[in-house]
Enquirer: 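For reference, the structure I am asking about is given below.
Proteins come first, then strands; the chains are lettered A, B, ... in the order of their sequence lines, and each starts at number 1. Values reported hereafter were calculated over all heavy atoms of this structure, with side chains retained and with hydrogens, waters and symmetry mates removed.
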Amino acid sequence: MSKNIIEIKNLHASVEDTKIIKGLNLKINVGEKHTIMGPNGSGKSTLANVLAGNPSYTVDSGEIIFMGQDLDEMEPDIRACIGLFLAFQYPVELPGVRMWQFLKSSLDAKREYNGQEPLSTREFDNLLNEYAEKVGISQDFIKRNVNEGFSGGEKKRNEILQLSLLNPKLAILDETDSGLDIDALKVVSQGIDSFSSNENSVLLVTHYQRILNYIQPDFVHVMMDGNIVTSGDKSLALELEEKGYDWLSTK
Amino acid sequence: MNNDKNVISRDTKLEDDNYKWGFDFQFNADNAPIGLSEDIVKLISSKKNEPEWLLDWRLKSLNHFFKNQDNEPEWANIDFPKIDFQKIRYYSSPTDKPNPKSLDEVDPEMLEAFTKLGIPLEEQKKLSGVAVDAIMDSVSVATTYQKQLEDAGVIFCPISEAVHKYPELVQKYMGSVVPYSDNFYATLNSAVFTDGSFIYVPPGVRCPVELMTYFRINELDTGQFERTLIIADKGSYVSYLEGCTAPFRKNNQLHAAVVELVALDDAEIKYSTLQNWFPGDTNGEGGVYNFVTKRGKCQGKNSKISWTQVETGSAITWKYPSVLLQGDNSVGEFYSVALVNNYQQADTGTKMIHIGKNTKSTIIAKGISAGKATNTYRGQVKVLPTAKNARNFTQCDSLLIGDKCGAHTIPYIEVKNPTAQLEHEATTSKVSDDQLFYTQQRGISLEDANYMIINGFCKGIFKELPFEFAIEASQLLRVSLEGTVG
């Protein structure tokens with residue numbers, strides 16, 4: 001059994017006829033943490049959405065193999081059930097849909113797909129309480145509607161709560177760190193850190209180096225104009241912080 | 001997600017339609033000839049062995065109907081071919097023994113039929129504490145839970161029976177809220193109504209169980225004209241539920257009911273409807289025309305009438321459950337979810353007429369449109385000069401699925417007392433692709449995601465329904481939404 005979780009081969013993708021991703025290759029193995037950095041408009045978020053199967057994006061050519069399966073034409077919910085998770089940059093509000101119901105339905109759907117019985121209400125509550133406490137989410141938060149009236153920080157914590165609960169094989173975090181104050185950033189980073197193990201992988205899409213003070217990536221990739229232009233270890237991130245992205249485009 | 005043990009699920013499918021109640025039953029039926037005439041009205045009256053005053057009232061209504069038969073209401077935002085009232089059958093009785101006295105006398109096949117419909121008359125509803133009156137075509141076939149109701153002094157019986165047993169009550173209140181001359185369809189109903197439920201709750205009694213009537217149109221070409229009368233005497237309380245289905249028919253069926261509620265001093269009536277008449281097929285063929293007059297009168301001080309409706313069925317719905325707020329400090333409420341899909345048309349809403357002092361009303365209407373359907377909210381809030389310090393809050397939310405459907409909100413507000421305070425809020429929204437993708441990314445299928453979001457939109461209404469009904473309502477919503485996304 002191969003150790004790689006996901007392999008992206010020569011991926012081309014577009015939004016409404018505009019080509020965004022142009023021949024990207026990336027391989028992530030089990031237990032690895034990867035970071036993709038890059039300036040605005042380089043295609044980072046597009047990559048995250050394409051991997052999760054957002055129907056607003058089109059894959060023009062190339063291959064995405066996740067957990068040994070070709071993701072081509074696979075519905076987003078099936079991708080989620082086999083272990084792909086996307087923490088959204090802008091989590092949407094679902095008026096009238098209770099957090100509890102949403103979380104329980106998500107977990108039940110995933111368990112059902114994988115041939116497991118749904119958790120009993122009590123088992124689920126225990127699990128939920130445990131994780132909610134870890135990410136600093138209070139009980140009455142669970143009684144509210146999904147993301148409705150949540151602050152920016154609360155929305156991001158909610159994404160991390162879902163990450164912990166659904167325990168995917170691959171967690172893609174799309175600028176989860178942006179717009180967070182330092183306390184929230186700590187909580188979110190700790191959440192990602194405690195999720196991460198040698199059984200799963202993380203792909204962290206970020207604009208800023210600062211989250212890397214809390215999360216130690218194994219690989220840092222720089223994306224520009226729809227492709228990865230250079231890769232390295234954590235020192236690359238520090239170099240970027242110092243020099244900006246311009247030195248790469250002129251390299 | 002899919003943990004409902006019930007028969008309704010996303011996998012429920014009929015051959016060419018998603019309407020699971022579409023089968024029809026083979027009963028021997030006692031049918032009147034097709035058409036409308038004085039003779040037919042007399043026939044209905046004699047079948048029911050009615051007293052003379054009632055026959056007179058029917059004939060007066062018929063006369064009025066004939067005089068005004070060219071004045072069908074045309075103001076509603078609905079479109080359908082003219083109805084030929086001479087091509088409808090006005091009476092059909094499914095058994096040789098109408099009005100059975102107990103469940104033992106009910107045709108076992110009929111009981112089985114109701115069980116198949118998910119309306120087990122005997123055991124289940126008893127266990128869940130709901131008294132059921134089932135009406136097949138024109139005749140009440142069974143009323144359960146009689147003993148307990150009798151002990152409490154609550155009368156719950158077919159109106160045809162009440163005419164004989166409680167003539168003073170019927171004569172006093174029938175037509176007192178909806179007069180026979182009220183509107184076109186109410187007039188027709190007054191002439192030819194066949195059965196319906198009658199409820200009387202004596203002073204100070206809180207009805208010990210939920211009361212339910214289950215309506216079914218079965219016979220071909222048969223109109224259903226039921227008439228329901230509920231009287232809550234001083235300081236009493238009753239919660240009443242009605243459910244309705246009809247078989248899959250290529251022809252349109254007419255349903256023109258009248259419901260009258262009367263709440264005396266300090267009394268409260270809660271009236272809940274789950275309307276699932278056959279909506280027609282996906283091409284807009286067939287389906288029930290649901291032209292219904294429902295009105296409650298808060299006659300006494302501090303009385304309260306609350307309408308909750310979940311309307312998913314019928315080809316055309318024309319219905320405005322209303323409250324006349326006559327008693328001082330009386331309260332009227334209207335909570336509604338109206339869902340239309342394919343070629344369905346709904347023009348529905350409410351009227352709140354403030355007459356007494358300090359009267360209050362709340363209107364919360366949620367309209368969901370999918371397919372090529374149109375959904376219109378039409379509501380009237382009227383404050384008369386006598387209604388000092390009247391209050392109204394209205395909220396109308398529309399949700400669109402796809403880009404071929406329509407939603408309209410038409411509020412009429414008429415205020416004749418300067419102390420009144422009225423609020424009106426309205427929104428229109430769509431289930432967004434972002435919401436669907438977000439939910440799907442968490443492992444939930446597209447159809448379940450759509451259902452979950454729409455269910456969320458309706459949440460405020462479902463919570464007004466009795467618990468079991470709320471579950472049924474949300475399952476009904478799921479079935480009605482099939483095929484609206486993807």
Enquirer: Taking side chain as C-beta onward, heavy atoms only, is Thr439(B) less than 4.5 Å from Leu94(A)?
Expert: yes
Enquirer: Within a strict 4.5 Å, meaning less than it, do heavy atoms of the Phe457(B) and Val97(A) side chains meet?
Expert: no
Enquirer: Please say whether more than 12 non-hydrogen atoms of neighbouring residues, nucleotides or ligands are located less than 6.0 Å from CD in Glu133(A).
Expert: no
Enquirer: Give, as side chain, backbone, both or neither, the part of Pro168(A) having an atom under 4.5 angstrom from any heavy atom of chain B.
Expert: neither
Enquirer: Contact part of Asn145(A) toward chain B, heavy-atom cut-off under 4.5 Å: side chain, backbone, both or neither?
Expert: neither
Enquirer: So Gln101(A) and Met452(B), do their side chains get closer than 4.5 Å, heavy atoms only?
Expert: yes
Enquirer: What residue in Ile78(A), Leu84(A), Val146(A) has the most heavy-atom pairs under 4.5 Å with chain B?
Expert: Leu84(A)
Enquirer: List in chain and number order the residues that pass ring-ring contact (aromatic ring centres under 6.0 Å, His included) with His12(A), two or more places apart in sequence or in another chain; answer none if no residue qualifies.
Expert: none
Enquirer: Show the nearest heavy-atom pair for residues Ala80(A) and Gln440(B), with the distance to one decimal.
Expert: CB-O, 4.1 Å
Enquirer: Do you know which two heavy atoms are closest between Ala109(A) and Gly443(B), and how far apart they sit?
Expert: CB-O, 3.2 Å
Enquirer: Just checking Lys351(B): does its NZ atom have more than 12 heavy atoms from other residues, nucleotides or ligands closer to it than 6.0 angstrom?
Expert: no
Enquirer: Who in residues 391-403 of chain B is close to chain A, using a strict under-4.5 Å heavy-atom cut-off?
Expert: none
Enquirer: Could you list the residues that satisfy ring-ring contact (aromatic ring centres under 6.0 Å, His included) with Phe124(A), not counting sequence neighbours?
Expert: Trp100(A)
Enquirer: Checking heavy atoms, do the side chain of Leu107(A), its backbone, both or neither come under 4.5 Å from chain B?
Expert: neither
Enquirer: For Tyr113(A), is it the side chain, the backbone, both or neither that has a heavy atom under 4.5 Å from a heavy atom of chain B?
Expert: neither
Enquirer: What residues of residues 427-436 of chain B sit under 4.5 Å from chain A when only non-hydrogen atoms are counted?
Expert: Asp434(B), Gln435(B)
Enquirer: Please flag which part of Tyr90(A) lies under 4.5 Å from any non-hydrogen atom of chain B: side chain, backbone, both or neither.
Expert: neither
Enquirer: Could you tell me which of Ala52(A), Pro118(A), Cys81(A) has the largest number of non-hydrogen atom pairs under 4.5 Å with chain B?
Expert: Ala52(A)
Enquirer: If you count every heavy atom of other residues, nucleotides or ligands that lies below 6.0 Å from Lys360(B) atom NZ, does the total exceed 12?
Expert: no
Enquirer: Got a second to check how far Glu93(A)'s CD is from Tyr438(B)'s OH, nearest 0.5 Å?
Expert: 10.5 Å
Enquirer: Does the separation of the ring centres of Phe88(A) and Phe437(B) fall below 6.0 angstrom?
Expert: yes
Enquirer: May I ask you to test the Asp448(B)-Ser105(A) pair for a side-chain heavy-atom distance under 4.5 Å?
Expert: no
Enquirer: So does Lys372(B) have more than 12 non-hydrogen atoms from other groups sitting under 6.0 Å from NZ?
Expert: no
Enquirer: If I take atom CG from residue Leu86(A) and atom CZ from residue Arg442(B), how far apart are they, to the nearest 0.5 angstrom?
Expert: 6.5 Å
Enquirer: List the atom of Ser445(B), the atom of Asp77(A), and the distance in Å for their closest heavy-atom pair.
Expert: CA-OD2, 3.3 Å
